[in-house]
Amino acid sequence: MEKKGLLLVVSGFSGAGKGTLMKELLDHYDNYALSVSATTRAPREGELYGREYFFLKREEFLRLIEEDALYEYAEYAGNYYGTPRQYVDEKLAEGLDVILEIEVQGAEKIKKQFPDTVLIFVTPPSADELKRRLVGRGTETAEKIDKRLKRAVEEAKYMPFYDYILVNDDLAESTVRLHDIISSEHAVSARNRDFILQITDELKIVTNEKGE
Ligand code: 5GP
């Protein structure tokens with residue numbers, strides 16, 4: 001089976017529970033690396049530089065763009081977010097599956113550069129549930145929540161372009177399902193051309209050995 005790392009994009013409405021899902025996935029399986037993005041947004045309580053994000057000043061972020069150090073970047077709710085190239089390259093080379101937890105425009109840019117990328121969209125079961133989770137999180141003002149819900153309407157338009165829609169109802173169940181999706185992607189025959197060639201050659205040798 002394919003040993004090379006896969007590039008995965010996980011997107012979803014703000015409040016869909018992507019962050020918790022990613023944490024759960026990384027806690028339970030060791031073949032994943034979660035890319036740490038750069039952003040100009042201020043850290044939320046409990047967030048650490050280099051763990052959740054590389055929190056940068058606007059000028060610092062613009063410098064990364066100038067230096068072509070990002071695979072993609074996008075503006076979201078008034079802030080810049082971008083994927084640094086280096087970490088992604090390193091982890092893929094190590095054979096890990098690299099997950100980019102990014103929004104829809106970034107996903108589109110990544111898919112264009114790397115058509116093999118698997119795109120997964122995480123959503124709560126309903127819009128009511130989404131609103132409940134955003135309010136319950138208690139980290140954003142009412143105005144910001146409203147902004148994020150309006151943004152969700154726009155993001156929903158991208159859902160048909162994703163390879164998978166993952167309804168995140170139960171966290172433990174969703175984690176297993178996400179891992180299963182990724183495992184299945186490794187088994188796709190188009191990703192295993194080298195293995196197919198290898199076993200074909202091996203079969204020839206084995207049958208010759210038997211004089212057939
Ligand atoms: P938050 O501020 O809630 O952490 O993230 C806001 C949005 O930005 C989320 O949809 C998140 O997936 C997205 N995001 C985080 N990092 C990146 C990135 O590097 N590039 C892009 N395009 N979006 C990102």
Side-chain angles (χ1 to χ4, degrees), residues 7-26 32-58 60-65 67-92 98-114 117-124 130-131 133-141 143-159 161-162 164-166 168 174 178:
L7 189 56
L8 307 149
V9 164
V10 173
S11 304
F13 309 121
S14 176
K18 281 168 300 177
T20 323
L21 185 59
M22 292 303 102
K23 199 178 167 305
E24 199 74 0
L25 188 76
L26 267 77
Y32 300 114
L34 184 63
S35 164
V36 179
S37 296
T39 184
T40 57
R41 138 163 115 60
R44 295 193 187 113
E45 211 180 303
E47 287 185 335
L48 282 182
Y49 179 92
R51 190 179 68 185
E52 275 76 19
Y53 285 104
F54 296 106
F55 297 100
L56 303 179
K57 295 198 189 90
R58 204 180 151 81
E60 293 170 324
F61 195 97
L62 294 176
R63 202 174 313 131
L64 288 185
I65 298 174
E67 289 168 356
D68 199 25
L70 303 175
Y71 269 126
E72 60 75 37
Y73 67 93
E75 233 180 314
Y76 181 99
N79 287 301
Y80 280 125
Y81 293 83
T83 307
R85 289 177 187 272
Q86 197 182 344
Y87 182 85
V88 173
D89 291 347
E90 280 171 13
K91 295 297 163 186
L92 283 177
V98 177
I99 303 178
L100 312 182
E101 194 216 308
I102 63 177
E103 52 71 67
V104 292
Q105 298 168 62
E108 200 175 26
K109 290 176 197 162
I110 292 291
K111 184 79 177 178
K112 276 194 185 132
Q113 291 175 69
F114 306 102
T117 309
V118 181
L119 303 184
I120 301 161
F121 196 97
V122 180
T123 172
L130 178 64
K131 190 169 179 184
R133 288 187 197 176
L134 273 176
V135 172
R137 193 154 81 175
T139 55
E140 313 280 347
T141 61
E143 190 198 341
K144 277 193 179 157
I145 289 171
D146 192 47
K147 214 169 166 185
R148 287 183 179 230
L149 282 173
K150 288 204 172 108
R151 174 92 186 203
V153 176
E154 295 307 308
E155 287 171 337
K157 294 177 186 163
Y158 287 76
M159 287 173 77
F161 303 114
Y162 278 71
Y164 298 91
I165 303 297
L166 182 61
N168 184 18
S174 299
L178 181 56

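The shown structure was predicted, so the numbers you read here are calculated from the model rather than taken from an experiment. Atoms within a ligand are numbered from 1 in the order they appear, just like the ligands themselves. Residues: numbered from 1 along the sequence shown.
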For this session: Establish, for the pair Lys109 and Tyr73, whether the NZ or CZ atom is under 6.0 angstrom from the six-membered ring centre and no further than 45 degrees off its axis.
Result: yes

Problem set entry | Pair Thr39-Tyr80, side-chain donor/acceptor within less than 3.5 Å | no

Exercise. How far apart are the closest heavy atoms of Val98 and Val88, and which atoms are they?
Worked result: CG2-O, 4.0 Å

For this session: Output the set of protein residues with a heavy-atom contact under 4.0 Å to ligand 1, ordered first by chain identifier and then by residue number.
Result: Lys18, Ser37, Arg41, Arg44, Tyr53, Glu72, Ala74, Tyr76, Tyr81, Gly82, Thr83, Glu101, Ile102, Glu103, Gly106, Arg148

For this session: Taking ring pair (Phe, Tyr, Trp, His ring centres under 6.0 Å) as the test, write out the residues that go with Phe13, two or more places apart.
Result: Phe121

Problem set entry | Qualifying salt bridge (Lys or Arg N to Asp or Glu O under 4.0 Å) pairs with a residue from residues 68-85, counting only residues at least two apart or across chains | Asp68-Arg85

Exercise. What salt bridge (Lys or Arg N to Asp or Glu O under 4.0 Å) pairs are there with at least one residue in residues 98-107, not counting sequence neighbours?
Worked result: Lys18-Glu101, Glu103-Arg151

